[in-house]
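Quick note: residue numbers are just sequence positions, from 1. All values below come from the heavy atoms of this structure, side chains included, with hydrogens, waters and symmetry mates left out.
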Amino acid sequence: MSRRRGRAHASVEKIALVDPRRAHCGRVHDVLLGAGKDSYWTDLQVGERLITEVPEFGLAAQAARMFLARAVHDVAADGIAQIIELGSGYPCSPNLHAVARRVRPSARTIYLDSDPVVAVHGRALLADEQTEFIHADITDTDTIVREIAETIDPAGPVAICFGFVLEFIDDPSVVVEAVTTILPPGSCVVLSHVTADQDTGPVADAAEIYRVNGIEFRPRRREEIAAILSGFDLMEPGLVAVHSWRPDVVRAGLNDAEFGWGNPTGEFCLAAVGRLP
């Protein structure tokens, strides 16, 4: 994976197009993770309402983030040295590149997000010789595929991460299929997704809060989430609740103090890691 200099600030001029009166799912997610200092007032209002009225939902978002870190640790330990997080949101310690480098110091990382404010923060805080931040929409698969093809080492496997983001996409299978068709064998998809199969009350309440604030949120049934990963071999323990996927955080060197959340659960958020055969 190589960094291409000269384009790091290509999208900075678009920051003026951000409407601070309109909530954005990525900035709201930052609030759910206990941050939100860089979010706009409307994002804070939506996030705080979710935390107050649907506390289980905030815990699920935190559990999903902890899963993502554990999964990245494990795929890096298995030999994957290229990590791509699509819909990454604001930098959130411990960031995925830092997790991967604990076990594979040569690991290279691409972060991608559609929000220009997030992109500016990401470039300022994360970019280095092994890490790059791209400003693009996750549904713009032509751009994503081109960026990945121009950046990755085609001889090495890649882990594509979708953490708490596919719920905001109308057809996630199209995105997953498009961005994985160019990946070499042995590459992985790391995925978490809210499901409506269990305890649908909090999920429905959260979806309504998003909806009235102009954000479409689409929880899916277990079989629909499994279908997104069709064609992949699921790593053990398969498709399970986020907090049940290899829950030993100590193994990954990820103690409670790093996250500051204790040990949150998320029964209505599923997670899996699928490997290309």
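Across all their heavy atoms, L33 and C92 have their closest contact at CD1-SG, 3.7 Å. Looking at every heavy atom in both residues, P237 comes nearest to R246 through CD-CG, 4.1 Å. Scanning both residues, A159 and V75, for their nearest heavy atoms gives CB-CG2, 4.0 Å. Of all the heavy atoms in A272 and L229, the pair that sits closest is CB-CD1, 3.7 Å. The nearest pair of heavy atoms linking R27 to D43 is NE-OD2, 2.6 Å. For the residue pair L68 and C161, the shortest heavy atom distance occurs at CD1-CB, 3.9 Å.
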Please assess W245 against V190 for the test side chain to side chain contact (heavy atoms under 4.5 Å, CB included), listing each intermediate value before the final yes or no. CA-CA 11 Å; W245 197 94; V190 178; over 6 Å; no
Show the numbers, then the answer: is there a side chain to side chain donor-acceptor pair (under 3.5 Å) between H24 and Y40? CA-CA 9 Å; H24 180 270; Y40 290 114; over 6 Å; no
Using side chain to side chain contact (heavy atoms under 4.5 Å, CB included), reason through T42 and R21 one step at a time and then give a plain yes or no. CA-CA 6 Å; T42 185; R21 299 167 299 179; 5.7 Å; no
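At a threshold of 4.0 Å, the pair D153-R108 does not count as salt-bridged, since none of the basic side-chain nitrogens sits closer than that to a carboxylate oxygen.
Under the 4.5 Å side-chain criterion, counting only non-hydrogen atoms from C-beta, R102 is in contact with P94. For the pair L276 and F232, the minimum side-chain heavy-atom distance is below 4.5 Å. A 4.5 Å side-chain heavy-atom check between N213 and Q45 finds every atom pair outside the cut-off. Inter-residue side-chain proximity for R221 and D197 is flagged as met; some heavy-atom pair is nearer than 4.5 Å. Residues V175 and I169 are in side-chain contact: their nearest non-hydrogen atoms beyond the backbone lie under 4.5 Å apart. Looking at heavy atoms from C-beta onward, L183 lies in side-chain contact with I152 at the 4.5 angstrom threshold. Side-chain contact between I134 and I110 is present, with at least one heavy-atom pair separated by less than 4.5 Å. Between F162 and I228 the shortest side-chain heavy-atom distance does not fall below 4.5 Å.
Going from atom CD of Q62 over to atom NE2 of H29 covers 9.0 Å, rounded to the nearest 0.5 Å. Atom CG of L270 sits about 9.0 Å away from atom CG of L191, to the nearest 0.5 Å. Atoms CG and OG, from D113 and S88 in turn, are 4.5 Å apart once rounded to the nearest 0.5 Å. Note that the CG atom of N95 and the OH atom of Y90 stand 14.0 Å from one another [nearest 0.5 Å]. For the atom pair CG (L86) and CG (L112), the distance works out to 5.5 Å, reported to the nearest 0.5 Å. Here R101 contributes atom CZ and T109 contributes atom OG1; the two are 6.0 Å apart, rounded to the nearest 0.5 Å.
Y111 contributes no side-chain N or O that, together with a main-chain N or O of P91, makes up a donor-acceptor pair within less than 3.5 Å. The main-chain N or O of F168 is found under 3.5 Å from a side-chain atom of R218 such that the two form a donor-acceptor pair. For the pair H73 (side chain) and V99 (backbone), a donor-acceptor distance under 3.5 Å is absent. Listed for the R275 side chain is no donor-acceptor partner under 3.5 Å among the backbone atoms of M235. E56 contributes no side-chain N or O that, together with a main-chain N or O of E267, makes up a donor-acceptor pair within less than 3.5 Å. Judged purely by atom type and a 3.5 angstrom limit, Q82 uses its side chain to pair as donor or acceptor with the backbone of G156. Between the side chain of R22 and the main chain of G214, a donor-acceptor pair closer than 3.5 Å is present. Looking only at distances, no side-chain donor or acceptor of S187 sits under 3.5 Å from a matching main-chain atom of P157. Checked by atom type and distance alone, the side chain of H135 pairs as donor or acceptor with a backbone atom of S114 at under 3.5 Å.
Linking Ile, Leu, Val, Met, Phe, Trp and Tyr whenever their side-chain heavy atoms come within less than 4.5 Å puts L32 and L44 in one cluster. A continuous path of Ile, Leu, Val, Met, Phe, Trp and Tyr side chains, each step under 4.5 Å between heavy atoms, connects L234 with L166, placing both in one hydrophobic cluster. Hydrophobic clustering (side-chain heavy atoms under 4.5 Å, transitive across Ile, Leu, Val, Met, Phe, Trp, Tyr) keeps V273 apart from V103.
E236 is linked by a salt bridge (Lys or Arg N to Asp or Glu O under 4.0 Å) to nothing, counting only residues two or more places apart in sequence or in another chain. For E224, there are no salt bridge (Lys or Arg N to Asp or Glu O under 4.0 Å) partners two or more places apart in sequence or in a different chain. Take E177 and apply the salt bridge (Lys or Arg N to Asp or Glu O under 4.0 Å) test, not counting sequence neighbours, and it matches no residue. In this view, A100 and V72, A76, I83, A107 satisfy the side-chain contact (heavy atoms from CB on, under 4.5 Å) rule, not counting sequence neighbours.
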Would you give me the side-chain donor-acceptor pairs under 3.5 Å for residues 138-145, sequence neighbours excluded?
| residue | atom | partner | partner atom | Å |
| --- | --- | --- | --- | --- |
| T139 | OG1 | D137 | OD1 | 2.6 |
| D140 | OD1 | T143 | N | 3.4 |
| D140 | OD1 | T143 | OG1 | 3.2 |
| D140 | OD2 | T143 | OG1 | 2.6 |

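Aromatic ring centres of F164 and F57: separated by under 6.0 Å.
Applying the salt bridge (Lys or Arg N to Asp or Glu O under 4.0 Å) test to pairs two or more places apart or on separate chains, those with a residue in residues 81-90 are R65-E85.
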